[in-house]
Visitor: 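Sharing a structure with you now.
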Amino acid sequence: MNSYCKELDLMDYDIIGFDLDGTLLRYNLQEMTPLIYNVLKKYLVEVKGYSPALLSKDLDMDFFQKGLMLDGVRGNVLKLSNEATILRASHGTRLLSDEEIENIYGVERRWDVATAFYNNPLSTWNGPASEQMRTLLDYFDMPSALVFAQAVDVVDDESGPAGKPKEYKVWGDLLEALMHSYNRDNFSNDSSLYFKAMRAEPHRYVLPSSAKLLAWLEQLRNANKKLFLLTGSNIDFADLTATQALGPDWRKYFDFIVTYAKKPGFFTQKRAYLNVDDVAKRELPNTELSPVEYLQPGKIYAQGNWHQLHQSMAKLLHKDASNARALYFGDNIIQDIYTPVKHSGFDTVAIAEELFLMEAKDYPFKAVLHSKFWGPYFNNGCTPTLWSGFIANYAQICISSMDQMAQTAPTERLVCNNVNGFYPMVPKSLECSNLTTSWYGGCV
């Protein structure tokens with residue numbers, strides 16, 4: 001690879017892994033985003049006691065953007081630069097002026113919690129910081145920004161003579177709504193309205209994967225690459241969505257399958273693997289594998305850790321793990337891109353569907369992802385966003401979708417026209433930016 005661009009050659013890798021949601025399968029964002037938005041609002045009103053006025057708030061798609069950060073205590077929503085300064089902010093749904101931002105966060109436009117996240121994202125994943133903030137890293141989280149902002153508006157409207165709260169409690173209530181909606185224990189009991197809708201009409205929310213992508217996966221296996229699927233979804237939900245996207249025989253594409261992986265901890269901890277009952281679609285209790293036990297190809301496991309998976313795949317290759325080079329595709333910039341590179345030492349490819357806004361005039365979900373309120377996902381004027389910075393520093397390359405990968409044979413080298421790794425070219429909105437890379441990944 002030369003000093004002027006990044007590139008990707010799949011033949012350099014022995015092991016290739018994939019996230020499921022937002023990576024191997026895509027969602028119909030025009031359908032799924034309103035579903036999540038309405039489910040969360042209903043929970044806040046019916047369970048947490050918020051005013052029914054919240055339910056009458058309009059679904060303002062223009063407020064949506066992946067990658068926003070919630071300042072829970074102040075009731076603010078933030079868009080951050082690649083150096084964690086605040087580019088834009090709202091209080092509730094009201095856009096704050098530059099003067100208001102500086103009055104709240106200082107002339108340097110910094111929030112100490114955001115700075116801590118920038119310096120070490122995992123330091124804010126749990127503990128006190130997680131009670132104050134949330135970064136909305138994927139399309140499951142993205143609708144939370146509008147629900148949070150509209151709930152703050154409702155609280156402000158009903159504050160009365162006492163004035164607005166000094167500290168808002170909305171984020172804690174919204175986190176409870178998110179946990180209830182996505183809790184794996186609620187998949188089959190109709191308690192989660194999100195899961196209930198997904199089970200009733202998976203075809204409405206999950207897009208079928210292209211025949212070209214499925215053939216591309218087969219080509220990788222025929223090239224003697226070992227493939228794994230690593231998803232945070234529990235086996236029952238993963239089976240539902242993978243069947244809809246990849247077909248009922250979706251397991252045949254992978255040598256190893258790990259569900260409920262609890263990323264990013266999967267890449268930093270030594271959590272034990274559990275066996276999975278593929279018929280009942282559940283973990284089998286008291287079936288923990290020992291830390292030195294090898295995983296068996298073709299079986300489905302839950303939880304676990306990267307070290308043991310890597311060792312097992314290296315064994316299948318008849319290689320020492322140190323010589324079994326791995327690559328992982330994912331859409332969550334922290335869980336799937338930053339953490340594997342920073343903490344496990346292998347390469348990643350970032351999936352950013354927002355690139356479709358630059359590539360495809362007929363992209364069907366433009367109304368969901370194109371925000372005039374927040375501006376482009378990758379930048380604000382000539383200033384790159386936090387996520388452009390993480391992509392430039394940690395991703396081997398960044399592509400719009402797995403279908404884009406499938407347009408070329410696995411043996412074909414992909415070469416970007418830029419050092420930051422956007423393939424095939426840097427987004428037009430980033431061309432004037434000062435984005436630079438301090439590459440932490442593979443060979444440059």
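One-based numbering along the sequence shown. We use all heavy atoms of the structure for the numbers below, so side chains are in, but hydrogens, waters and symmetry mates are not.
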Visitor: Let me confirm one number: the OG-CD distance from Ser400 to Glu354, rounded to the nearest 0.5 Å.
Guide: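 Those atoms lie 10.5 Å apart.
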Visitor: Just how far is it from atom SG of Cys398 to atom CD1 of Ile337, taken to the nearest 0.5 Å?
Guide: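 Interatomic distance, Cys398 SG to Ile337 CD1, rounded to 0.5 Å: 8.0 Å.
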Visitor: Decide yes or no for Tyr363 and Glu353: does some side-chain heavy atom of the first lie under 4.5 Å from some side-chain heavy atom of the second?
Guide: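 When only atoms from C-beta onward are counted, Glu353 and Tyr363 do touch, with a gap below 4.5 Å.
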Visitor: Set out, in order, the CA-CA distance, both residues' side-chain angles and the distance that settles side-chain contact (heavy atoms from CB on, under 4.5 Å) for Val113 and Met69, then state yes or no.
Guide: CA-CA 10 Å; Val113 175; Met69 178 178 284; 5.6 Å; no
Visitor: State, to 0.1 Å, how close Val39 and Ser181 come at their nearest heavy-atom pair, and which atoms those are.
Guide: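 Taking Val39 first and Ser181 second, the nearest heavy atoms are CG1-OG, 3.5 Å.
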Visitor: Could you check Ile334 against Phe117 for side-chain contact (heavy atoms from CB on, under 4.5 Å), going step by step and ending with a plain yes or no?
Guide: CA-CA 10 Å; Ile334 300 304; Phe117 178 88; 3.9 Å; yes
Visitor: Calculate, to the nearest 0.5 Å, the distance between atoms NE2 and CG belonging to His370 and Asp62 respectively.
Guide: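 Spacing of NE2 (His370) from CG (Asp62) equals 7.5 Å.
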Visitor: For residues Glu431 and Val426, determine if any side-chain heavy atom of one lies less than 4.5 Å from a side-chain heavy atom of the other.
Guide: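 Yes - at least one pair of side-chain heavy atoms lies under 4.5 Å apart.
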Visitor: Using the test side chain to side chain donor-acceptor pair (under 3.5 Å), find all partners of Tyr377 that sit at least two apart in sequence or belong to another chain.
Guide: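 Testing Tyr377 for side chain to side chain donor-acceptor pair (under 3.5 Å), a comparison that skips the adjacent residues, returns none.
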Visitor: For Asn189, which residues count as a side chain to side chain donor-acceptor pair (under 3.5 Å) partner, sequence neighbours excluded?
Guide: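 Checked Asn189 against side chain to side chain donor-acceptor pair (under 3.5 Å); matches are Asn186.
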Visitor: Could you tell me the separation between the CH2 atom of Trp216 and the CE atom of Met405, rounded to the nearest 0.5 Å?
Guide: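 The CH2 atom of Trp216 sits 4.5 Å away from the CE atom of Met405.
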Visitor: Can you see which heavy atom on Asp141 is nearest to which on Thr135, and at what distance?
Guide: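 Scanning both residues completely, I find the closest heavy atoms to be OD2-O, 3.8 Å.
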Visitor: Go through it in stages, so that I can follow the logic: the residues are Lys299 and Asp278, the test is salt bridge (charged side-chain N to carboxylate O under 4.0 Å, His left out), and I'd like the CA-CA distance, side-chain angles, deciding distance and then a yes or no.
Guide: CA-CA 9 Å; Lys299 292 188 65 175; Asp278 187 36; over 6 Å; no
Visitor: Does the plane of the ring in Tyr301 sit parallel, tilted or perpendicular to the ring in Tyr273? Use 30° and 60° as the thresholds.
Guide: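 Tyr301 and Tyr273: perpendicular rings.
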Visitor: Out of Thr231, Thr339, Asn332, Asp19, which residue meets the side-chain hydrogen bond (donor to acceptor under 3.5 Å, both in side chains) rule with Lys263?
Guide: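 Only match with Lys263 under side-chain hydrogen bond (donor to acceptor under 3.5 Å, both in side chains): Asp19.
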Visitor: Looking only at heavy atoms, what is the nearest atom pair of Ile391 and Lys6, with distance?
Guide: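 So the two residues come closest at O-NZ, 3.8 Å.
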Visitor: Can you name the closest pair of heavy atoms from Ser209 and Leu24 and give their distance?
Guide: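 Smallest interatomic distance, heavy atoms only, reads OG-O, 3.2 Å.
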Visitor: For Leu146 and Leu59, run side-chain contact (heavy atoms from CB on, under 4.5 Å): C-alpha distance rounded to whole Å, both residues' side-chain angles, the deciding distance at 0.1 Å, then the answer.
Guide: CA-CA 8 Å; Leu146 182 57; Leu59 173 59; 4.2 Å; yes
Visitor: Tell me whether Asp249 contacts the main-chain N or O of Lys252 through its side chain, where contact means a donor paired with an acceptor under 3.5 Å.
Guide: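 Pair absent, no side-chain N/O of Asp249 close to backbone of Lys252.
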Visitor: So, for Leu217 and Tyr253, which heavy atoms are closest and what is the spacing to 0.1 Å?
Guide: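 For Leu217 and Tyr253, the tightest heavy-atom pair comes out as CB-CD2, 4.0 Å.
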Visitor: I need the Glu288 CD to Gln303 CD distance, nearest 0.5 Å.
Guide: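 So the CD of Glu288 and the CD of Gln303 are separated by 8.5 Å.
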Visitor: Among Arg325, Lys319, Lys226, Lys225, exactly one meets salt bridge (Lys or Arg N to Asp or Glu O under 4.0 Å) together with Asp14. Which residue is that?
Guide: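 Exactly one pass, corresponding to Lys319.
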Visitor: Filter on salt bridge (Lys or Arg N to Asp or Glu O under 4.0 Å), then keep only pairs touching residues 230-246, sequence neighbours left out; what's left?
Guide: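 Every candidate salt bridge (Lys or Arg N to Asp or Glu O under 4.0 Å) pair involving residues 230-246 fails, so no pair, neighbours aside, qualifies.
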Visitor: Any sub-3.5 Å donor-acceptor pair from Asn418's side-chain atoms to Asn420's backbone N or O?
Guide: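 Answer holds: yes.
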Visitor: Side chains of Tyr338 and Asn393: does their closest heavy-atom pair fall under 4.5 Å?
Guide: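 Result no, sub-4.5 Å side-chain heavy-atom pair not found.
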Visitor: So, do Leu357 and Phe378 sit near enough that their side-chain heavy atoms are less than 4.5 Å apart?
Guide: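 With C-beta onward as the side chain, the pair stays apart.
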Visitor: For Ile257, does its backbone N or O pair with a side-chain atom of Arg251 as donor and acceptor, under 3.5 Å?
Guide: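 No: the side chain of Arg251 does not pair with the backbone of Ile257.
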Visitor: Is the Cys416 SG less than 2.5 Å from the Cys5 SG?
Guide: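 Cys416 does not pair with Cys5 as a disulfide (SG atoms not under 2.5 Å apart), so no.
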Visitor: Quick check against the 3.5 Å criterion: does Trp171 have a side-chain atom that pairs as donor or acceptor with the backbone of Ser130?
Guide: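 Such a contact is found between Trp171 side chain and Ser130 backbone.
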Visitor: Can you tell me if Asp403 and Ser210 form a side-chain donor-acceptor pair at under 3.5 Å?
Guide: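 The criterion, which ignores hydrogens and geometry beyond distance, is satisfied for Ser210 and Asp403.
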Visitor: Donor-acceptor pair, distance only, cut-off 3.5 Å: does the side chain of Asn28 make one with the backbone of Leu207?
Guide: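 Not a single qualifying donor-acceptor pair exists.
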Visitor: Can any side-chain N or O of Glu283 pair as donor or acceptor with the backbone N or O of Asn275 at less than 3.5 Å?
Guide: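 A pair under 3.5 Å: no.
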Visitor: Just wondering, do Gln308 and Glu293 contact through their side chains at under 4.5 Å, heavy atoms?
Guide: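 Yes, close enough: below the 4.5 Å cut-off.
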Visitor: Determine whether a donor-acceptor pair (N or O, by modelled atom type, separation under 3.5 Å) exists between the side chain of Ser81 and the backbone of Thr85.
Guide: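 Checked: pair present.
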Visitor: Between Lys66 and Asp331, does at least one N-O distance fall below 4.0 Å, as a salt bridge requires?
Guide: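 No salt bridge links Lys66 with Asp331.
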Visitor: For the side chain of Thr33 and the backbone of Gln30, is there at least one donor-acceptor N/O pair under 3.5 Å apart?
Guide: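 Flag not set: sc Thr33 to bb Gln30 has no pair under 3.5 Å.
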Visitor: Answer yes or no for Arg110 and Tyr105: cation-pi contact, defined as NZ/CZ to six-membered ring centre under 6.0 Å and angle to ring axis within 45°.
Guide: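 The answer is no, since Arg110 fails at least one limit relative to Tyr105.
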Visitor: Taking all non-hydrogen atoms of both residues into account, name the closest pair between Lys262 and Arg271 and its distance.
Guide: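 Reported closest heavy-atom pair: CB-NH1, 3.3 Å.
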Visitor: Assess whether side-chain contact (heavy atoms from CB on, under 4.5 Å) is satisfied between Asp336 and Ile351, documenting all intermediate values.
Guide: CA-CA 10 Å; Asp336 300 331; Ile351 308 292; over 6 Å; no
Visitor: To the nearest 0.5 angstrom, please state how far the CD1 atom of Ile36 sits from the CZ atom of Phe140.
Guide: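 Output value for this atom pair is 6.5 Å.
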Visitor: Between Phe148, Trp374, Tyr37, which is the residue that forms a ring-ring contact (aromatic ring centres under 6.0 Å, His included) with Phe63?
Guide: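 Checked Phe148, Trp374, Tyr37 against Phe63; only one passes ring-ring contact (aromatic ring centres under 6.0 Å, His included): Trp374.
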Visitor: So Tyr43 and Glu176, do their side chains get closer than 4.5 Å, heavy atoms only?
Guide: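 A side-chain contact exists here, since the closest heavy-atom pair is under 4.5 Å.
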Visitor: Give a yes or no on this: more than 12 heavy atoms of other residues, nucleotides or ligands lie within 6.0 Å of atom CE of Met11.
Guide: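 Yes.
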Visitor: Do Asn82 and Ser388 have side-chain atoms, one donor and one acceptor, less than 3.5 Å apart?
Guide: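 There is no such pair between these side chains.
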Visitor: Any non-hydrogen side-chain atom of Leu78 less than 4.5 Å from a side-chain atom of Met133?
Guide: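 Side-chain contact under 4.5 Å: no.
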Visitor: Under a 3.5 Å distance rule, please check whether His180 uses its side chain to pair with a backbone N or O of Ser191 as donor and acceptor.
Guide: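 Yes, because the side chain of His180 sits within donor-acceptor range (under 3.5 Å) of the backbone of Ser191.
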Visitor: Got more than 12 heavy atoms from elsewhere within 6.0 Å of NZ, Lys366?
Guide: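 It does not: Lys366 NZ has 12 such atoms or fewer within range.
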Visitor: Got more than 12 heavy atoms from elsewhere within 6.0 Å of CD, Glu201?
Guide: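 Yes.
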Visitor: So do Phe64 and Leu29 actually touch side chain to side chain, heavy atoms under 4.5 Å?
Guide: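 Not in contact.
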